[in-house]
Asks: 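Encoded as structure tokens, here's the structure I'll be asking about.
Per chain, numbering begins at 1; letters A, B, ... match sequence-line order. Both backbone and side-chain heavy atoms feed into the values below; hydrogens, waters and symmetry mates do not. Note that the structure is predicted; figures quoted are calculated from it, not measured.
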Amino acid sequence: MAAPAANRSNNAKLVLLGDAGAGKSSLVLRFVKNQFIEFQESTIGAAFFSQTLSVDDASVKFDIWDTAGQERYHSLAPMYYRGAAAAIIVYDITNQASFDRAKKWVQELLVQGSPSTIMALAGNKADILDARRVSEAQRYALDNGLLFMETSAKTAMNQRSSFKANQHKALQE
Amino acid sequence: MKGYCGARLFRLQTILQVWERRERGRGGLSAIECGAYRHRVIRAVVGKCETKLPTPGLSLRLHAMDEEYDVIVLGTGLKECILSGLLSVNGLKVLHMDRNDYYGGESTSLNLVQLWKRFRGDDKPPESLGASKEYNVDMIPKFMMANGALVRVLIHTNVTKYLNFKAVDGNFVYNKGKIYKVPATDVEALKSTLMGLFEKRRARKFFIYVQDYEEEDPKSHEGLDLNKVKTRDLIAKYGLDDNTVDFIGHALALHPDDSYLDEPAMDTVKRMKLYSESLARFQGGSPHIYPLYGLGELPQGFARLSAVYGGTYMLNKPECKVEFDASGKAYGVTSEGETVKGKKILCDPSYLPDKVQKVGRVARAICIMSHPIPNTSDSHSAQVILPQKQLGRKSDMYLFCCSYAHNVAPKGKYIAFVSTEAETDKPEVELKPGIDLLGPVDEIFFDMYDRYEPINKGEEDNCFISTSYDATTHFESTVQDVIAMYSKITGKVILLFQVLDLTVDLSAASAAAEE
Ligand SMILES: Cc1cc2nc3c(=O)[nH]c(=O)nc-3n(C[C@H](O)[C@H](O)[C@H](O)COP(=O)(O)OP(=O)(O)OC[C@H]3O[C@@H](n4cnc5c(N)ncnc54)[C@H](O)[C@@H]3O)c2cc1C
Ligand SMILES: Nc1nc2c(ncn2[C@@H]2O[C@H](COP(=O)(O)OP(=O)(O)O)[C@@H](O)[C@H]2O)c(=O)[nH]1
Ligand SMILES: [Mg+2]
């Protein structure tokens, strides 16, 4: 049967969730191609990437799903996060509403998702600290048992480790 | 806001007010946050950079609603989603809206709470049935032929990579009060208990003729022109008895009634070949496959395809009223006071009730059970076809069963459907022969729904309306309708059966092998 968590061949579905503009696509681009594009228009035809990461001597092939913009009008299909081994929920640290939206995603996953999906909360755009609006995220992550870190797709801070942390956990499960 | 005034700004402000009322009504953002957003939207619009705004919902909707689309699609049923995907891939600008807050329209799959809400009003599902979210109950249940048209579209569009399929365990036919496995090849014919010894040999000869038949190879035709010879006469040549004809016509060739007997035999021979090719594909007990988590995954998969190719998605849009100009041509769609412009409108019958007519009615029963359908070799998924003649009806009846093995119910639970084209107003009575085959059920729901087809001409009013999911049809006619609509809308033709490389493997293959 299709187990949601990483399977024998260590294939794992990883999805990005979060408000439009939080930087999901930018984080994926940084992770997969190590690039950052300031005014990135949504790329047509690209919302599915594969990347293999190894930790210690195990490796995981991530199938990374981006939202294809369906989150914009709150029309993301449940199929999107179905069977995900890991979900990275991204918000923009300079935008309170994006954090509120992230909390809604956490709730939706807790209620509708599979209990074996590992969740990580990523506060993105950590390079623009002086405009920070969100500071309660660490506490929230702790309370809800989420992995947490602040990231920047722009400077590449922490973003690789946010994918890695997920993988570590996926392997342990 | 200097230099930016007049009607457009006024409209923008009105829209922002409507948005704020809604946002605060649903307990989303606070007044201060809303105010901040209103400011940002207006600043951005003035600065002509509306797409860059990370506002949830509105700033971007404003942008999206301001554009003109090649096609506006209403309803997210399977047909609409396949079309939306194909159109977006073809480079057209698509806006796809649905009045519901979920995907799938009539062809959605419901969890237990939704199922109860639809059929039992305020009652709550009993706890003994398990967790609501583990149920995915199809509203239009069907299996897919492993080599059929829908599978070809899935492979053609690469939507297979979003979904997982698994082979269906068994395919059965009802004959004189008993259930038999459908024999589909010469080898199976010899093993089947459905036929007597001599009949088996005759059936085997017929199967070999069909298996060897190649349209391009006249030697395989044995002197018959199947485009002229009636099915009845071809069958007579092999001396098959009525029972055999019945299961060949209904369970193998999937004809919903007996009119095929007087049609040229070519169609039936092709259908039989499709059946055995599908059967061979996964070496399972049936020619069918079915997606994990239910058919509701299919429209979602095609919607994602459309979005990946630039389609814009908006669920939960009330009303969705199609707007017409003085000459009766549709030019846009209004929802929540905003009108979006679109050159063509594509929708299911429920969005344009004045342009469709009722053509039939389906009666069905949806059952939750704790066991497989009796006498189906404990199949976790199966269908049983009850040919019309066996029941003294005008159209066939179908049993469909799926279970936790396809992730549509919690462990130990089975979902069964009994359905047919309605011939009376009493589904309880009409469906009884099928329901009696199920054994005890935990819960049963009866339902009837009307089927519609369009009566308009798309070239005259820019409206392209799909036909309702039909009792007497299946995914084959679903895909035929989709392909015909695609050609009408784009003027292009899809030749599915020529282009597609069926050697591409479905994830179903591996899922089946895992068993
Ligand atoms: C009330 C009702 C309920 C039904 N319930 C079920 C059910 O529960 N399970 C089920 O499997 N079927 C059911 N059917 C029948 C079903 O609609 C299809 O006949 C069957 O599933 C065919 O599979 P498909 O649509 O995946 O084939 P497709 O993937 O569409 O491929 C079929 C291919 O085979 C050929 N073909 C097969 N049948 C036909 C046909 N009738 N007309 C034209 N070409 C055809 C075509 O070449 C076509 O490409 C029901 C029918 C009715 C009336
Ligand atoms: N400064 C900064 N900008 C970012 C960062 N990540 C994304 N952005 C910008 O935020 C905007 C939205 O990013 P995008 O990846 O499209 O967000 P998505 O809608 O969540 O996929 C783009 O203009 C990005 O350039 C980041 O870490 N720092
Ligand atoms: Mg994006």
Asks: To the nearest 0.5 angstrom, please state how far the CD atom of B:Gln300 sits from the OG atom of A:Ser75.
Replies: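 Answer for the CD-OG pair, B:Gln300 versus A:Ser75, is 11.5 Å.
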
Asks: Please indicate whether B:Lys413 has more than 12 foreign heavy atoms, meaning atoms of other residues, nucleotides or ligands, lying under 6.0 Å from its NZ.
Replies: yes

Asks: Under the criterion side-chain contact (heavy atoms from CB on, under 4.5 Å), I'd like the reasoning laid out for A:Met79 against B:Tyr103: C-alpha separation, chi angles, the key distance, then a yes or no.
Replies: CA-CA 10 Å; A:Met79 178 212 73; B:Tyr103 280 91; over 6 Å; no

Asks: Taking side chain as everything from C-beta outward and backbone as N, CA, C, O, which of these in B:Asn136 sits under 4.5 Å from a heavy atom of chain A? Side chain, backbone, both or neither.
Replies: side chain

Asks: Tell me whether B:Glu106 at atom CD has more than 12 heavy atoms from other residues, nucleotides or ligands lying less than 6.0 Å away.
Replies: no

Asks: Looking at every heavy atom in both A:Gly113 and B:Lys133, which two are closest together, and how far apart are they?
Replies: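 The answer is O-NZ, 2.8 Å.
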
Asks: Please report the interatomic distance CD(B:Glu297) to CZ(A:Arg82), rounded to the nearest 0.5 Å.
Replies: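 It comes to 4.0 Å.
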
Asks: Using every non-hydrogen atom in the two residues, find where A:Tyr73 and B:Thr312 come nearest and quote the distance to one decimal.
Replies: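 Distance-wise, the nearest heavy atoms are CE1-CG2, 3.4 Å.
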
Asks: Is A:Gln138 atom CD crowded by more than 12 heavy atoms from other residues, nucleotides or ligands, each under 6.0 Å away?
Replies: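 For A:Gln138, atom CD is not crowded (no more than 12 foreign heavy atoms under 6.0 Å).
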
Asks: Apply salt bridge (charged side-chain N to carboxylate O under 4.0 Å, His left out) to B:Asp101 and list each qualifying residue two or more places apart in sequence or on a separate chain.
Replies: none

Asks: How would you list, by chain and number, every residue that makes a ring-ring contact (aromatic ring centres under 6.0 Å, His included) with A:Phe99, sequence neighbours excluded?
Replies: A:Tyr91, A:Tyr140

Asks: What's the shortest heavy-atom distance between A:Asp66 and B:Arg304, and which atoms?
Replies: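 Smallest interatomic distance, heavy atoms only, reads O-NH1, 2.7 Å.
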
